[in-house]
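The structure follows.
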Amino acid sequence: MTAAPAPVLVTGTGTDVGKTIATAALAALARSVGLDVGICKPMQTGLAPGEPGDADEAARLSRVQRVLEVRRLPDPLAPETASRVAGVPQSTLDDLLGPIRRWLDANRDTAAVNTAYQAAAPAEKAHSAGAATATEAGRLDLIEGAGGVLVRLGTDLTVLDLARSLDAPVVVVARAGLGTLSDTELTIRSIEAAGLRCTGIVIGSWPYDPDLAERCNVEDLPRLTGVPVLGRVPAGAGQLDPAEFTRHAAQWFAPGALDAVVRPRAAHLP
């Protein structure tokens, strides 16, 4: 049995920045070159039992089969607050880590390169510089956080604490417009101060006709944060049907983006 690579945590600069659709796009990109992909949502709030959650939606769009939601709370609030309002015990690190680690361990035997990459169209293979090396890992497990990196999942338990316990590199989903430079730099500084690696930034909703601020931001973000922009997910991408979504997802990312996520210590984006 081959040891699984560390999962990748997808966080945001705040709420409603497009984390779920960006997670789906990363999953579709990874699947397009043959990786076995899983999607996990440790804490889901604002939905009743039985309703499709964020992990379900990301999996639907990307056609991922391995999905885990650890805990659900009904009120549309930060998880710590939602637990308090619902009158239920706060989540602890062990409450979340146990199911996640069991889920990861149950799917360890997938480290061989998937033959789907070998069958991919030449244009798809050529899109990502180093895509072949990325598939050496065989799998990618994406863990979608809640809101931003300092959102409380429980009392004195943040998204960063969960990422640190999993030794997970972090992808930041950011807004395109005015104000995103400060938000994104603050988020990445928090990640680095916690001793974690930020592998890149994904713009969660890139407009069809970007304005001056948006065009400047996509150039300034790498300069100010020291972290590459891995991709730009088009506004409205979540409205595509899964076939269209998976067909187009690779086009939304820079060459080398997948290596930056899967092999963060080795990858270099242009």
Side-chain angles (χ1 to χ4, degrees), residues 7-29 39-47 53-59 61-62 69-70 73 76-82 96 141-153 157-164 166 168-194 196-207 214 217-218 220-222 224-225 227-238 249 252-253 257 260-261 264:
V8 174
L9 188 130
V10 181
T11 189
T13 56
T15 302
D16 293 332
V17 296
K19 286 191 307 298
T20 298
I21 307 305
T23 299
L26 284 166
L29 172 66
I39 296 173
C40 169
K41 182 79 172 182
M43 294 289 295
Q44 175 72 62
T45 64
L47 293 174
D54 292 344
D56 298 311
E57 177 62 8
L61 287 169
S62 59
E69 180 185 296
V70 178
L73 295 162
L77 303 166
E80 182 194 31
T81 307
L96 302 180
D141 296 298
L142 297 168
I143 298 180
E144 183 190 343
V149 292
L150 295 182
V151 164
R152 264 55 177 183
L153 303 176
L157 173 62
T158 69
V159 171
L160 279 182
D161 295 326
L162 181 64
R164 188 189 298 110
L166 291 165
V170 182
V171 172
V172 172
V173 182
R175 296 181 296 109
L178 198 63
T180 197
L181 297 179
S182 178
D183 293 347
T184 308
E185 189 170 2
L186 285 168
T187 297
I188 291 172
R189 286 189 182 190
S190 294
I191 292 166
E192 293 173 343
L196 296 168
R197 301 185 308 280
C198 180
T199 64
I201 301 162
V202 176
I203 304 299
S205 181
W206 183 250
E214 290 159 340
N217 286 342
V218 81
D220 289 340
L221 280 167
L224 296 175
T225 64
V227 170
V229 173
L230 302 176
R232 292 173 274 179
V233 179
W252 305 334
F253 291 91
V261 174

Open item on the list: Holding to side-chain contact (heavy atoms from CB on, under 4.5 Å), I want the full list of residues that pass it with Ala27, two or more places apart in sequence or in another chain.
Closed with: Val37, Ile39, Ser62, Val64, Leu142
- [ ] With sequence neighbours left out, write down each residue that passes salt bridge (Lys or Arg N to Asp or Glu O under 4.0 Å) with Asp16, or none if nothing qualifies.
- [x] none
Open item on the list: Quick check on side chain to side chain contact (heavy atoms under 4.5 Å, CB included): which of Leu221, Leu230, Val233 does Ile203 satisfy it with?
Closed with: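 Of the listed options, the one satisfying the test is Leu221.
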- [ ] Measure across Pro207 and Ala235 and return the closest heavy-atom pair with its distance rounded to 0.1 Å.
- [x]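 Nearest pair, atom of Pro207 first, then Ala235: CA-CB, 4.3 Å.
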Task: Atom of Thr184, atom of Ala174 and distance for their closest heavy-atom approach - done: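 The pair with the smallest heavy-atom distance is OG1-CB, 3.4 Å.
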- [ ] State the CD1-OG1 distance between Ile191 and Thr11, to the nearest 0.5 angstrom.
- [x] 6.5 Å
- [ ] Considering non-hydrogen atoms only, spot the tightest contact between Cys198 and Val172 and give its length.
- [x] SG-CG2, 3.8 Å
Task: Residues forming a side-chain contact (heavy atoms from CB on, under 4.5 Å) with Glu185, sequence neighbours excluded - done: Arg189, Leu224, Thr225
Task: Minimum-distance pair of heavy atoms, taken over all atoms of Gly177 and Asn217 - done: O-ND2, 3.0 Å
Task: Shortest non-hydrogen separation from Thr199 to Val227 and the atoms involved - done: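 Looks like C-CG1, 4.1 Å.
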Task: Val261 vs Pro169 side-chain heavy atoms within contact, under 4.5 Å - done: no
Open item on the list: I need the Leu186 CG to Leu181 CG distance, nearest 0.5 Å.
Closed with: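 So the CG of Leu186 and the CG of Leu181 are separated by 11.0 Å.
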Task: Interatomic spacing from CD in Glu69 to SG in Cys40 - rounded to 0.5 Å - done: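 It is 9.0 Å, given to the nearest 0.5 Å.
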Going by atom type alone, with no hydrogens or angles, which donor-acceptor pairs under 3.5 Å involve a side-chain atom of residues 143-150 and a protein atom two or more places apart or on another chain?
| from | atom 1 | to | atom 2 | distance (Å) |
| --- | --- | --- | --- | --- |
| Glu144 | OE1 | Thr20 | OG1 | 3.3 |
| Glu144 | OE2 | Thr20 | OG1 | 2.8 |
| Glu144 | OE2 | Lys41 | NZ | 3.2 |

Task: Pair Asp161-Thr158, side-chain donor/acceptor within less than 3.5 Å - done: yes
Task: Expected output: side-chain Thr180 to main-chain Ala176 donor-acceptor under 3.5 Å - done: no
Task: Nearest-0.5 Å distance that lies between atom OG1 in Thr13 and atom NZ in Lys19 - done: 8.5 Å
Open item on the list: So which atom in Gly53 and which in Leu47 form the shortest heavy-atom distance, rounded to 0.1 Å?
Closed with: CA-CD1, 3.5 Å
Task: Residues forming a side-chain contact (heavy atoms from CB on, under 4.5 Å) with Leu73, sequence neighbours excluded - done: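 Here the qualifying residues are Met43, Thr45, Arg71, Ala82, Ser83, Val88.
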Open item on the list: Applying side-chain contact (heavy atoms from CB on, under 4.5 Å), can you list everything that pairs with Thr81, at least two apart in sequence or on another chain?
Closed with: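 For Thr81, the residues satisfying side-chain contact (heavy atoms from CB on, under 4.5 Å) (neighbours in sequence not counted) are Leu77, Ala78, Arg84, Val85.
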Task: CG-CZ distance between Leu196 and Arg164, expressed to the nearest 0.5 angstrom - done: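 Reported to 0.5 Å precision, the distance equals 6.0 Å.
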Task: Interatomic distance, Leu26 atom CG to Trp252 atom CH2 [nearest 0.5 angstrom] - done: 11.0 Å
